[in-house]
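Worksheet: the structure to be examined is printed underneath.
Hydrogens, waters and symmetry mates are skipped; everything else that's a heavy atom, side chains included, is used. Every chain is numbered from 1 and lettered A, B, ... according to where its sequence line falls, protein lines coming before strand lines.
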Amino acid sequence: MNMEQTKSVPQMMEGAELILKVLEDQGVEVIFGYPGGAVLPIYDALFRNNSIRHILVRHEQAAVHAAEGYARSTGKVGVVLVTSGPGATNAVTGLTDAMMDSVPIVCLTGQVPSHLIGTDAFQEADTSGITRPCTKHNYLCKSSASLQANVEEAFHVARSGRPGPVVIDLPKDVQLLDAPFVEGGVLNANKQRYQPRIKPAAEQVKKAVKLMKKAKQPIIYGGGGLVNSGPEASEKLRELVALTGWPSTLTLMGLGALSADDPHFLGMLGMHGTYEANMAMHQCDFMLNIGARFDDRVTGRLNAFSPSSVKVHADIDPSSIGKVVQVDVGIIGDAGAVLDALLAELKKESFAPNAKALSGWWKQINEWRARDCLKFVQSGQVIKPQNAVKRLYELSRERDIYITTEVGQHQMWAAQYFGFHQPNRWMTSGGLGTMGYGLPSAVGTQIAHPEATVIDISGEASFLMNMQELSTIAQYRLPVKVFILNNEWMGMVRQWQELNHGSRYSESYSASLPDFVKLAETFGMKGLRASNIDQLDDVITAMLDSDGPVIADICIEKEENCFPMIPSGAAHNEMILSAADEASNPVSDEGKLLV
Amino acid sequence: MLDTSVSERHTLSILVDNEPGVLARVVGLFSGRGYNIESLTVSEVDEARHQSRISVVTSGTPIVIEQIKKLLARLVPVHSVQDLTIGPAHVERELALVKTMNTGNKRVEALRVADSFRARTLDSTLNSFVFEVTGNSSKVTAFIELMSSLGDVEVARTGVCGMTRGNKIDMS
């Protein structure tokens with residue numbers, strides 16, 4: 001490790017205190033955690049510390065999701081503190097989630113004292129072994145001498161390049177023993193051994209622009225890298241879209257990078273993306289991918305993915321380029337830096353879009369748009385889930401709003417019907433698809449934005465997975481709103497069973513549900529219920545107007561499916577638009593193998 | 001477009017910080033993503049900088065090999081990843097210890113074979129030898145096959161280590 005010792009003489013202090021000092025130096029304001037035997041020295045140091053706020057969650061998985069919500073809504077590193085053994089293993093789902101969605105997290109885990117490691121001591125687990133594949137990097141910090149360097153490097157690794165989770169496993173003796181602390185830090189920013197490429201190579205940018213100039217039916221396909229890069233990247237994207245006039249689509253993780261109101265925005269793409277976005281991806285002759293990774297939810301059947309396009313892929317992670325889709329030009333770099341370089345080069349080359357070809361292309365796209373793939377019919381008294389999300393969006397437009405979700409149908413409806421206008425406003429579990437993500441994520445988001453309206457758009461099944469966090473919400477008087485689209489089914493599982501398994505609904509019903517209104521009341525929150533369409537707006541308004549936490553139980557159409565949909569194993573141009581389409585497009589045997 | 005169907009064998013030379021878990025990190029990358037390791041050697045090569053070199057022989061389609069190199073390069077303790085197979089000319093060596101059990105003519109033949117492979121005799125009893133043989137993998141394999149036909153054998157192989165020819169040094 002390149003350790004640049006600064007001139008100042010190390011000062012000796014207790015390891016636990018040193019850790020908090022480094023956290024302060026790294027700008028940490030809040031930690032999400034849960035105490036236990038192996039981290040008590042750090043909790044003791046926290047007791048004496050006046051600048052770092054600790055939020056006590058009710059389960060370690062929730063601590064990581066809360067830190068993810070905090071991180072994704074602020075762009076800062078989220079910090080987690082959990083104990084050894086079960087504390088660490090409970091955090092694993094959250095860490096994997098952060099790994100998949102590139103969320104910067106530093107997770108401090110307690111460990112049994114060094115001399116007991118390997119003896120199957122009480123609450124011992126091989127945390128560094130268990131978390132190695134689900135973190136960007138991890139440390140077992142066995143020496144007080146390297147404690148400061150380890151914690152500093154952990155933050156650098158978590159936030160640099162493609163962000164991700166980093167675990168520091170801290171044996172209890174290392175927390176208690178005196179360790180050397182150097183004011184101002186021991187790792188010089190320029191001498192870090194981890195130095196990911198941020199600025200793109202000029203030559204690759206030139207190649208990309210050359211191809212952009214030839215494009216007749218182009219599309220911009222943006223992803224989570226735009227959000228991770230910071231709000232400037234979204235501004236640059238908007239500039240690029242304005243300059244080119246090109247149709248643009250975003251992945252689930254990229255929503256908000258372009259305003260949902262932008263006429264160039266075709267909506268989200270992929271399995272539950274819009275017809276126009278997927279058709280345009282399929283038929284384009286040029287694709288500019290900025291910060292997305294050709295995820296299988298996006299591409300559909302790979303051998304039929306965008307068959308006739310020239311592809312440029314910009315990603316901060318070199319291993320994302322060429323992983324599943326072979327591209328013509330790969331650009332390694334941060335999304336914002338790449339956009340900056342592309343814009344400069346386009347201007348230098350006096351780029352003008354091919355107006356004639358582009359207007360023909362837009363004509364085609366507008367025909368696809370005219371299919372109105374997100375239309376739904378709200379008939380009768382039963383609330384359509386699409387309508388619930390749409391009304392929530394319309395009635396909350398004037399507010400400073402942050403949305404989190406769980407995983408399943410409600411998540412897709414939220415992505416389809418809630419419009420995002422800025423980055424960092426949308427916290428959802430994309431890569432891992434973690435049910436139970438939304439409520440703790442809302443906790444972290446609300447902690448970061450105490451004055452904002454934070455809504456967890458939830459399903460009743462996902463909500464039950466981490467509902468212990470209602471207690472956290474109550475303790476800190478967080479005005480989180482939980483908007484449950486309650487269909488009494490694990491809706492997406494039920495939908496797949498309908499499509500792929502002959503409507504045999506094996507174990508996908510939500511039995512023995514609590515009364516969500518009473519549940520809210522036991523935690524001192526407001527509980528609301530909308531059982532029919534006439535109550536929907538009133539419940540939403542009452543929820544939004546409440547200055548405290550609310551659970552809104554929205555009883556929706558039980559067997560509504562999420563459309564449009566690319567069935568598994570199908571291509572972008574083989575979308576099912578409605579239930580009527582479903583029967584005529586049975587899922588192939590190959591498709592049934594996929595998830 | 002790269003040919004996606006043909007599996008190739010590549011020798012990678014990876015310079016890493018010699019810190020706890022680094023080997024598990026590299027090996028876990030292969031096992032976790034379903035890649036092959038045909039052989040693996042690792043040892044510290046720079047005591048002052050605490051750096052080790054890991055030599056891996058792996059096989060996969062060109063896309064998989066590219067992916068392996070990129071995934072290795074993004075690990076925090078990895079300083080460099082060289083693909084010796086596609087790089088400039090390189091040398092590769094492997095060492096094997098082969099214990100062979102035989103008497104009479106077969107014992108004489110074993111010694112003769114060992115001599116023609118420039119194997120050294122490290123140990124001997126009246127009915128056994130331990131030979132040390134070095135060379136590229138195919139030579140080592142040929143030697144082991146010949147010895148197997150002359151009696152029971154026990155084999156320990158180091159796996160391949162290699163480096164580029166010429167006057168460039170890969171140490172960071």
Problem - Full working for side-chain contact (heavy atoms from CB on, under 4.5 Å) between B/R74 and A/K136 - result: CA-CA 9 Å; B/R74 74 175 191 174; A/K136 188 174 170 188; over 6 Å; no

Exercise for the section: Pick one of side chain, backbone, both or neither for A/D317, based on which atoms fall under 4.5 Å of a heavy atom in chain B. Expected result: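 Only the side chain of A/D317 comes within 4.5 Å of chain B.
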
Practice task
Could you grab the distance from atom CD1 of A/I321 to atom CD of B/E66, nearest 0.5 Å is fine?
Solution key: 11.5 Å

Exercise for the section: Could you check which of B/P20, B/G32, B/A73, B/G21 has the highest count of heavy-atom pairs closer than 4.5 Å to chain A? Expected result: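 It is B/G21.
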
Exercise for the section: Output yes when a side-chain donor or acceptor of B/K70 lies under 3.5 Å from a complementary backbone atom of A/K323, and no otherwise. Expected result: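 It does not hold such a pair.
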
Problem - Side-chain (A/R132) to main-chain (B/L29) donor-acceptor, under 3.5 angstrom - result: no

Answer yes or no: are there more than 12 heavy-atom neighbours, outside [X] itself, under 6.0 Å from its atom [atom1]?
X: A/K142; atom1: NZ; result: no
X: B/M163; atom1: CE; result: no
X: B/I169; atom1: CD1; result: no
X: A/D120; atom1: CG; result: no
X: B/D152; atom1: CG; result: no

Exercise for the section: Grab the two heavy atoms, one from A/S319 and one from B/L71, that are nearest each other, plus how far apart they are. Expected result: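 So the two residues come closest at OG-CD2, 3.5 Å.
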
Problem - Shortest non-hydrogen contact from B/P77 toward A/H137 - result: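 Shortest heavy-atom separation between B/P77 and A/H137 comes out as CD-CE1, 3.8 Å.
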
